[in-house]
Structure formats: C-alpha cells, structure tokens
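Here's the structure, in structure tokens; my notes come after.
Reminder, nothing fancy here: chain letters follow the sequence lines and each chain counts from 1.
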Protein chains: 2
Amino acid sequence: MDKQTITIYDVAREASVSMATVSRVVNGNANVKPATRKKVLDVIEKLDYRPNAVARGLASKKTTTVGVIVPDVTNMYFAQLARGIDDVATMYKYNIILTNSDSNNEKEVKVLNTLLSKQVDGIIFMGNEINGKLREEFKRTKTPIVFAGSVDEEDLYARVNIDYVAAVQEEVKNLIDRGNRRVAFVCGPLEQAINGKFRLKGYKQALKSAGIPYDEKLVFETDDTYKTGTLLQPALMAVNATAAMVTDDELAAGIMNGMSDADVKVPDDFEIITSNDTKLTEMVRPKMSSITQPLYDIGAVAMRLLTKLMHNEPVDEKNVLLPYGLMKRESTK
Amino acid sequence: MDKQTITIYDVAREASVSMATVSRVVNGNANVKPATRKKVLDVIEKLDYRPNAVARGLASKKTTTVGVIVPDVTNMYFAQLARGIDDVATMYKYNIILTNSDSNNEKEVKVLNTLLSKQVDGIIFMGNEINGKLREEFKRTKTPIVFAGSVDEEDLYARVNIDYVAAVQEEVKNLIDRGNRRVAFVCGPLEQAINGKFRLKGYKQALKSAGIPYDEKLVFETDDTYKTGTLLQPALMAVNATAAMVTDDELAAGIMNGMSDADVKVPDDFEIITSNDTKLTEMVRPKMSSITQPLYDIGAVAMRLLTKLMHNEPVDEKNVLLPYGLMKRESTK
DNA sequence: CTGTTAGCGCCTTCAA
DNA sequence: TTGAAGGCGCTAACAG
C-alpha cells in the first residue's frame with residue numbers, strides 16, 4: 001500500500017536541511033539561498049521525490065482541482081466545452097474531475113456534494129435547469145462556481161454563453177424572410193431555461209416581428225437525441241412545417257436524416273438550422289447551417305473566469321456573452 | 001477560505017461522543033451501538049456535516065478517485081469510452097480526473113505524474129504508443145493501471161480491447177471477396193502499436209490469404225482527423241484503390257465526404273469500412289459499415305477491472321478481449 | 001535565509 | 001462498544 005514512501009522528511013534529512021526549507025524550494029519560495037536550493041533540488045532528483053498533493057491540500061486548503069459537471073460527455077457539444085475547460089485548467093495547473101449528470105437533478109445534487117467533499121477549489125457547471133434543491137446547494141457553498149453554456153435566470157452566478165435570444169431570433173427571421181410561414185421550433189426540455197426562456201423567446205420575437213401568430217403546435221419538446229430526431233418527420237409534416245429551428249446538433253442531424261429517408265429534400269422542401277456548430281454540422285450531408293458559437297472558447301473562458309474567482313481576482317462582468325455567428329451551409333436555401 | 005468549518009470534532013462534541021465514534025459511523029463500522037449511531041447520525045444531519053475527503057485521503061491513503069488519460073475527449077470514440085468509465089466509477093464510488101494528452105508522450109508523462117502526485121487510487125490509460133519514458137513511469141509506480149481500447153505489446157498491463165487483428169482481417173477479406181483487389185489501409189500513426197502492429201497485421205494477413213501482394217503505396221498513415229480524411233480522395237484514386245479499411249470513424253467520414261464531393265459514389269465506386277462504430281457511423285450518409293466494438297463496455301469493463309486491482313481482488317485474465325462484430329451499413333456493397 | 005512548531009481533518013491501533 | 005492518542009505529509013506562521 002505504500003505507493004510512495006519518500007516524504008519531505010526524507011529529502012530534508014538527506015539534504016541536511018529542515019523540512020521547511022524543502023517545502024520552500026518545492027513551492028518556489030524565494031527565501032532560499034541558491035546553494036541550498038540546488039542541494040535540495042539534487043536530493044529531490046536523486047530520491048525521485050514527488051510531493052503528496054493530498055497532504056498539501058489538507059495543509060493549504062487548496063487542491064488545485066476543479067469539478068466539472070456535464071450532462072453527457074458523449075454529446076459533442078459538451079465534449080468540446082470540456083476540452084476547452086481542461087486545456088485552460090492545465091494551463092493554470094489545475095486538474096478537472098469530470099462527472100456526467102444526465103441533466104438529472106438528483107445526480108447533479110449528489111455529484112455536487114461529492115465534489116465539495118473532495119474540496120475542489122471551484123466548479124464548472126453545465127446544465128440548464130437549476131431547480132430548488134440544486135440551487136440551494138449552490139447557494140450554500142462558498143466554493144466558486146461558473147456556468148458554461150448554461151444560463152442563470154436569477155443572475156447570481158458567473159457564466160459564459162452567447163446571446164441565445166438574439167441568435168435564435170435572427171435565424172428564425174431569416175427563415176421567415178425566405179418565405180417560411182410555418183417554422184417549427186424543435187428543442188430540448190422546455191423546463192430548461194435556455195430553451196423555455198431564452199431560445200423560445202427569440203423564436204417568438206421573430207414571429208411577432210413578422211406578424212405571424214405563435215402556434216404551439218409548432219413547438220416540439222424533445223430529449224435532444226439523434227434517435228428522437230429521426231422519428232420527427234411525420235409530426236413535422238403533419239403540422240405543415242417547412243422549416244425548423246433546432247436546438248441541438250445531434251437532434252438536428254436526426255431530423256435531417258429522417259427527412260431524407262422519407263424523401264423530403266433538405267433544404268428544398270424543408271430547411272433546418274441548428275444551434276451548436278459542433279463538428280457534426282460539417283460531417284453530415286447536407287452540411288447543416290447553424291448558429292455558430294465558440295464552443296471551445298466558452299469552456300476556456302469559463303475556466304479562466306473560474307481561476308479569477310478562485311484567486312479572488314476582480315471580475316468585471318459575471319455574465320459573459322461571447323460573440324455568435326450565423327453559418328450558412330447546405331441545410332438552408 | 002473556510003469553505004466548510006464543521007469537522008468531525010464538532011459533531012463529536014455535539015453528540016457527546018468521541019470523534020472516533022463519529023468516524024466509525026461515518027465509515028459504516030459495525031461496532032457502534034445502534035442508539036449512539038442514531039444519535040450521531042442526527043447530529044450529522046443537523047450540522048450538515050460533510051466528511052473532508054482530502055483529510056480522509058491523507059489518513060487512509062485512499063482517495064477514491066482514479067485518473068483517466070485520454071488523447072482527446074472531443075473524439076467520439078474516446079468520449080464513449082470515458083462515459084463507460086465514469087458510470088462504473090460512480091457505481092463503485094470513485095470519481096475520475098479526466099486529462100487530455102493529445103497522444104503526446106510528453107504530456108502523457110507529465111499528466112501521469114501529476115495524477116500520481118494527487119494520489120489517485122488507479123489509472124485508466126488510453127493511447128497506443130507506450131514509449132520508453134512513459135513505460136518507465138508506468139513500471140515505477142505501484143498504482144494499478146489498466147489500458148482501455150489500447151494494446152500493450154509487452155503484455156504487462158491489464159487491458160481491455162477487441163481482437164483488432166481478426167476484426168480487420170475479416171473486414172478486409174470481405175472487401176477482397178467482393179472483388180476489390182486494391183484495398184487501401186488508412187490509419188492513424190503507425191508508431192502506435194494498435195495500428196502498426198495489430199490492425200496492419202490483420203490487413204496483411206487478409207491480403208496474403210487472398211494471394212494479393214502487399215503494396216506499401218496503399219497504406220496511408222494519417223492523424224485520425226476528419227479534415228485529413230476529406231483531403232485523401234485524390235491520393236486514393238491515384239493508387240487505384242477501390243476500397244478502404246479505415247481505423248477511425250471521423251477520419252472515415254472525412255474520406256467518404258471527400259469522395260462524394262468529388263463525385264465518386266460510395267459504395268458503388270468506392271467502398272469504405274471503418275473501425276469504431278461510434279454514433280457517427282449512423283449519422284452520416286451513406287451510413288458507414290463498421291467493425292462494431294462495445295465502446296461503452298470497453299470503458300465500463302476497464303473500470304471494473306481497475307476496481308478489482310485497487311481492491312486486490314484476483315483477476316483471471318489481464319488481457320480482456322470483448323467481442324466485436326461486423327455491421328454492414330451503406331458504405332459497402 | 002533557515003529551523004521549530006503547530007496544526008489541517010480524519011483513520012486506526014491500542015486500551016479500557 | 002467506546003475513547004485516547006499518534007500519525008498521514010505538508011504548509012505556515014513565528015522565531016532566530
């Protein structure tokens with residue numbers, strides 16, 4: 001069980017200095033004479049001493065690890081965010097404990113608690129339904145939290161996103177301008193504020209500006225999966241939709257393939273716009289037009305923000321909005 | 001900085017017992033009178049006490065976290081493995097520290113060391129080039145390691161895979177049987193044993209069985225990315241290949257789309273078989289025929305194996321081979 | 001510039 | 001069944 005028996009005492013003894021001195025050189029403290037620093041460094045090298053981060057964490061109350069709660073890494077959207085997070089974390093000498101929540105509130109609460117018990121220095125949360133219990137837990141902890149690609153209606157937490165309302169509104173407007181009077185809105189759970197409050201709002205605003213009445217039958221609430229998308233074609237046709245604004249790329253790919261399989265031509269007979277601009281948009285045929293968001297950057301900026309919070313540096317704006325774009329590919333006319 | 005000030009002492013005092021007793025109930029030790037157990041539990045609840053995992057880790061030399069080294073979570077193949085790992089880890093009350101190595105040896109060594117310094121109880125490694133330095137580090141540590149979806153030529157470490165040689169051989173044989181005399185082998189870095197030693201071997205064996213001479217010009221060593229795939233069409237045509245066995249799904253999708261864009265019909269004019277059976281195979285058009293491997297399970301089984309190693313349970317077979325299959329979809333005739 | 005001395009919060013014998 | 005006491009390996013004052 002002794003994975004690593006050489007402690008700071010061993011190198012102290014071997015170098016004929018006190019452990020405090022060893023600690024100093026290990027931590028890059030300036031107050032060490034170059035000569036003794038070298039001596040210590042040599043012994044460290046010779047003994048292959050590796051500081052025990054756990055002990056260090058207990059003594060310093062800092063673990064240099066942050067918790068990352070994500071619905072599902074298997075979804076490219078989150079995978080790309082996670083990658084941005086990890087890269088910046090590494091840059092700042094942090095590691096991430098990655099946990100999948102399936103957007104399940106119980107799991108989120110549970111996992112949050114185990115992360116806190118592990119004394120993570122900060123948390124990055126992805127998921128958009130901050131219900132009572134979870135919000136309570138968030139409020140109780142003093143550990144810094146930032147949301148990545150996740151909105152916070154209450155405006156309490158630091159977060160980085162794009163302007164979902166504006167982006168959806170623009171895209172839907174374009175769809176309408178191109179002659180589509182019946183544009184479907186296909187989204188993930190409406191309970192999630194990002195869908196129910198933000199994106200839906202953009203959708204409604206676009207309709208309103210165009211003087212088109214809002215028709216609930218054109219709103220399809222789904223579970224954001226590819227499979228579900230493939231099954232949607234009949235329903236979409238049934239309500240005479242000629243285009244769809246979709247909130248997830250895998251879901252959109254499913255819809256598109258479902259259309260193609262039913263011989264509905266995209267984009268000629270049906271236009272599709274998706275929302276996340278993951279690499280998937282380029283891999284399918286036709287390539288999917290999408291709202292573009294800097295996925296990697298959202299993660300990276302979120303992590304950067306978290307480092308500031310953890311180091312008690314001032315942050316000028318809690319609600320970071322990164323620029324979005326509209327990328328026309330082949331699923332729209 | 002006092003994220004959480006209630007310690008085991010607080011609940012001990014409040015419950016009028018010793019901290020040792022509190023420790024016992026927290027750890028489910030049987031030697032506690034039911035009455036005092038309840039008393040303690042009540043106080044824990046009341047004070048909202050949460051054991052400090054770091055302190056616990058220092059005292060017990062167990063952190064209940066494992067390190068996971070992966071080339072890139074952004075690649076669906078690894079994302080799906082990672083998901084399997086996390087689910088089983090959670091099941092056994094472990095968390096995972098996820099790190100991206102980009103298959104870069106320096107990063108791998110570095111990250112391995114920080115994981116060890118953080119006293120992870122075990123490590124799951126993905127990546128297929130175990131070079132000198134990395135192998136050395138692996139050998140030095142007593143921390144259990146298992147490879148997931150990664151081969152080990154030296155047969156030293158526990159690992160879970162499929163039989164790459166046989167799978168590739170079968171698929172290439174099918175390709176040949178269907179009349180393809182010039183089958184390209186498009187793979188990731190040949191330095192990686194999984195490509196250079198295993199898959200290539202299967203490819204060669206299939207050729208040999210069919211009495212077709214091995215032609216080096218038909219072997220395309222790439223970086224496993226979609227983009228690279230899209231660029232390969234001219235080169236593939238130049239060597240008169242009529243089919244390709246590809247070792248990565250994103251890469252294969254790129255090749256396929258590159259073909260389509262150049263008006264080469266898949267599968268009529270060019271057949272493609274890929275290797276990982278990620279969800280991507282179903283999302284592209286035509287859907288890609290693939291060797292099927294139980295991705296999630298490879299991760300899950302690897303993690304399960306690791307728990308055994310960590311708990312010093314016996315493992316009957318270090319080299320676990322999960323069953324593979326051949327899924328004919330639309331990219332082959 | 002360097003050493004001494006307390007802890008950090010918990011687990012784990014050893015006694016009682 | 002319970003308590004006392006000694007670490008786990010390191011950081012962080014505080015002296016000197």
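Taking only side-chain atoms of A:Thr7, from C-beta outward, the nucleotide of C:dT4, D:dG9, D:dG3 with the closest atom is D:dG9. Closest to the side chain of A:Ala59, from the set C:dC10, D:dG3, D:dC10, is D:dC10. Which of C:dC11, C:dT12, D:dC10 sits closest to the side chain of B:Met19 comes down to C:dC11. Set against C:dG7, C:dC10, C:dT12, the side chain of B:Ser60 has C:dT12 as its closest nucleotide.
Atom pair A:Asn52:CG and D:dC8:P shows a separation of 12 Å (rounding to whole Å applied). For the pair B:Gln119 CD and D:dC8 C1', the interatomic distance rounds to 10 Å; values are reported in whole Å. Rounding to whole angstrom units, CZ of residue A:Arg13 and P of D:dC10 are separated by 13 Å. Computed from coordinates, the B:Leu58 CG to C:dG7 P distance equals 17 Å when rounded to whole Å. Across the protein-nucleic acid pair, A:Arg50 atom CZ and D:dC10 atom P stand 12 Å apart, rounded to whole Å. Here C:dC11 presents its P atom at 11 Å from CG of B:Asn29, a figure rounded to the nearest Å. Summarising the geometry, the separation between OH on B:Tyr9 and P on D:dG3 is reported as 13 Å, rounded to the nearest angstrom. Distance NZ (A:Lys61) to P (C:dG7): 13 Å, rounded to an integer number of Å.
Residues A:Lys107 and A:Thr99 bring no donor and acceptor atom of their side chains to less than 3.5 Å of each other. Side-chain atoms of A:Lys133 and A:Asn105 include no donor-acceptor pair closer than 3.5 Å.
Nucleic acid contact class of A:Val22 (heavy atoms, under 4.0 Å, all strands): none. Residue B:Thr21 is classed as a sugar-phosphate contact, given heavy-atom separations below 4.0 Å to backbone atoms only.
Nearer the 5' end of DNA chain C, as judged by each residue's closest nucleotide, is the contact made by B:Ala53, out of B:Arg24 and B:Ala53.
Separating the CZ atom in A:Arg83 from the CG atom in A:Asp86 is a distance of 6.5 Å, to the nearest 0.5 Å. Here the straight-line distance linking atom CD1 of A:Ile97 with atom CG of B:Leu98 works out to 11.0 Å at 0.5 Å rounding. To the nearest 0.5 angstrom, A:Lys46 atom NZ is 12.5 Å from A:Ile6 atom CD1.
In terms of heavy atoms, B:Thr21 sits closest to B:Val32 at CG2-CG1, 4.4 Å.
Heavy-atom contacts from other residues, nucleotides or ligands closer than 6.0 Å to NZ of B:Lys318 number more than 12.
The side chain of B:Ser18 places no N or O atom within less than 4.0 Å of a non-bridging phosphate oxygen (OP1 or OP2) of D:dA4. Note on B:Arg56: a side-chain N or O is less than 4.0 Å away from OP1 or OP2 of C:dC11. A close approach under 4.0 Å does occur between a side-chain nitrogen or oxygen of B:Asn27 and OP1 or OP2 of C:dC11.
Residues of residues 32-40 of chain A having a heavy atom closer than 4.0 Å to DNA chain C, listed by number: A:Val32, A:Lys33, A:Thr36.
You'll find the ring centres of A:Phe138 and A:Phe125 inside the 6.0 Å limit.
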